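As the structure is a computational prediction, the values presented were derived from the model and not from experiment. Residue numbering restarts at 1 for every chain, and letters A, B, ... go by the order of the sequence lines.
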Amino acid sequence: MAKNLVIVESPAKAKTIERFLGKDFTVKSSFGHVRDLSKKQLGVDIEKGFKPNYVVADDKKKIISELKKLAKDAETVWLATDEDREGEAISWHLFETLNLDEAKTKRIVFHEITKTAIDDAIKNFRSIDLNLVDAQQARRVLDRLVGFELSPVLWRKVKPALSAGRVQSVAVRLIVDKEEEIKAFKIVPFFRITADFRVVQNGKSTELKAELPSRFSTKEKALDFLNKCIGAEYTVHAIETKPTQKSPAPPFTTSTLQQEASRKLGFSVSKTMQVAQQLYESGKITYMRTDSVNLSNLALGMAKKEIIYQFGEDFYQFRKYTTKTKGAQEAHEAIRPTFLDQHTIDGTADQKRLYSLIWKRTIASQMSNAKLEKTNVNITISTTKEQFVAKGEVLIFEGFLKVYLESTDEDNADERSGVLPPLKVGQNLPLIKSDATERFTQPPSRYSEASLVKKLEELGIGRPSTYAPTISTIQKREYVAKGEREGVLRDYILITLKNDKISENTKQEKTGQIKGKLIPTDIGNVVNKFLMKHFINIMDFNFTASVEKEFDEIALGQKSWNKMIDAFYGPFHKQVEDTIEKSEKFSGEKLLGKEPSTGKNIYVKIGRFGPIAQIGETDSDEKPRFAALKKNQSLDDITLEEALELFNFPRTIGTYEEEELVVSIGRFGPYVRHKSKFFSLPKTDDPATVAEDRAIEIIEDKRQKDREKTIQKFDENEDVQVLKGRWGAYISIGKNNYKIPKGTDPEKLTLQECLKIAEEAGDKTKKPGGTRKKATKPFKSNK
DNA sequence: CAGTGAGCGAGCTTCCGCTTGACTT
């Protein structure tokens, strides 16, 4: 039995550390937090100074009992969780849950995973910092109180099953605000003038591209300018060069890795984290959830060696980066390759690409600046005072650019710069042509998943471990959606001056297309409006920052956590009660107009199941009629005509096999019903116009697919089928599905065997994660 | 991956941060 038990948070880390520590040490992992507030109840006793009720989750019971046993037999238990607020709390929870003996428990932290660093840590043990633990408890309790008091307000006033919280609600607000900004933005056209000149040098001819710095607000002014240019001479007036430098970006944190993987590799935030996790578990990179840009001494040494070996002394420059982000806790290093001499790795294509990105970024961060020479050439026009300007950029020394350049979110496709041909002052430049192109001012761009993470990080909201889950929560709640909009064609004017003649053309370009950007839904808009009206304090971008300041004071022992929570909870709870009591139901209801045939009012609003249109009054004797909005419609811009159309369903469009064909719109979109079976309409079909022959086609398609799916059918019992599904063959009986035991040939199963398998699988009434089927209604005995 | 296909009167729903599996029928 080992004399020492070391507990860290991650199993991959445990494995690495165990190698350094020798046989007297057993290293185990807690797999993150081991206890939490109970899931179903509030879990906080408000009467008793907000005493938290912690429980060990079911999936943590096994690891706790294992650790308990190991701790009992060990001489010393070393709590080596991360050196931050959460890490300290994990140590404390372990101490409490495992009933550790204070005399034989030591708290240590690793700053680097090397033999000397670990030996160092062991020498510098301390006890658990209870102030820091209290700061974590305050954080935990505050989040629980906010989330579990706010969400039920939404259930009552807006729609069931919604949620609100310190982080997610502000994330939604950012997206809603951005959309408002875009809506308020006025697109203004203007004209941009470019010119192409011919430069002849030693009999070789090249082009020089230049632009007029000033823009024209109207077509008339642009035309006026071009007219003046007719017959003009163009002369190089001045050439000005100045040296500039570019520095590399710091090594990756979780947030910057997500941004770059999104821009350069097109990964979603969650995909980046999944692939990074795989790299981490196979020992190829350091920990991927971090807010630190710091590199360990070991890494710095490796980088230096690698850069000098690969590129030479000139390319190396020692750099120390410091974190600027608010509330960073820096318990880990930056994300970097474990071994910097490994330029590539074995693995999946995604793993290779992400690894390569991390390798380049890390190496580049310790490389010298790139040196550039920027050149501005002024070109005078003989007929007017205006001057064209040509811009060039020449790379003098590559430096870090040899390896890596960070991308930006904005695409500056219009920029005209590159290598300029050799020019002399006073040189005459013949004009090839000059264009006046109509351009348009650009509204702010919507957030992508990654740029939202960037913004949240700037505001100090959320942590590296929660960025990806937060993004998925606000989409799961249907507050925001990733937009897919085709865009529309827009006309623009192009006026060209060539050979002293002016011609005008109208051209077209695509604008307004959205791909994967975050857009608020109707529900998101309505919930945001509600929260902004009643809980502006929680929605404030500085709310997190200000409570973080108090958590810091608690961590320093200057404040008691219960008092801090008490001071917050009093007014907050009153706010909640006032809102429940005084505010009306909040559905974002909007009067669209009247139904022509009856004169009844027609409204749109958020209903029990999402956005709906309603004809008639809710509080009248006659029940109003409802219809769900289509997926791509919104409360904001639906027209009266579109709303009325929704009530044209169900629509009988013909007959097939002597049964009616009915088109309608259901929970999952438009469908055709035939012989009480449902057939989804593909996105490309419009339910308002789909006709009999097309419906039959859809039905036959679906039948064909079903046939391909069916492995076996039994005439004696039509309920029983052997089908081919995502995970291979399975047995379907009525509405239940059953797994086929390994080694059984699904094609040879008999009806009896199928029924037997189903019976042995037994009743699967309890399914973790909630059943789809409605539970049998319990008999209500009283009231 | 495909399937799902109501009713606005129960039920249940929810937070943020740590960390990985288990494994869908």
Take atom P in B:dC8 and the same atom in B:dT4, then report the distance between them in whole Å. 23 Å
For A:Phe148 and B:dT14, are the ring centres under 5.5 Å apart with planes inclined under 30°? yes
Donor/acceptor link under 3.5 angstrom from A:Arg144 side chain onto base of B:dC15: yes
Among B:dC8, B:dC18, B:dC16, find the nucleotide with the atom closest to the side chain of A:Ile90. B:dC18
Side chain to side chain donor-acceptor pair (under 3.5 Å) filter on A:Glu18, not counting sequence neighbours, yields none
Please identify each residue that fulfils side chain to side chain donor-acceptor pair (under 3.5 Å) with A:Glu66, with sequence neighbours left out. A:Lys28
Can you list the stems that DNA chain B is part of, where a stem is at least 3 pairs in a row, each Watson-Crick or G-U, with both distances below 3.5 Å? none
Check: B:dG5 base within 3.5 Å donor-acceptor of A:Ser664 side chain: no
Please state whether the phosphate of B:dT14, meaning OP1 or OP2, lies under 4.0 angstrom from any side-chain nitrogen or oxygen of A:Arg477. yes
So, do A:Trp155 and B:dT13 meet the stacking rule of ring centres under 5.5 Å and planes under 30°? yes
Listing request: all side-chain hydrogen bond (donor to acceptor under 3.5 Å, both in side chains) pairs with a residue in residues 133-146 of chain A, at least two apart in sequence or in separate chains. A:Asp36-A:Arg140, A:Tyr54-A:Gln137, A:Glu86-A:Gln136, A:Glu86-A:Arg139, A:Asp134-A:Gln137, A:Arg139-A:Asp143, A:Asp143-A:Arg166
Can you name the residues that form a side chain to side chain contact (heavy atoms under 4.5 Å, CB included) with A:Ser163, not counting sequence neighbours? A:Ser151, A:Gln168, A:Arg477, A:Tyr479
Mind checking what makes side chain to side chain donor-acceptor pair (under 3.5 Å) contact with A:Lys675, not counting sequence neighbours? A:Glu657
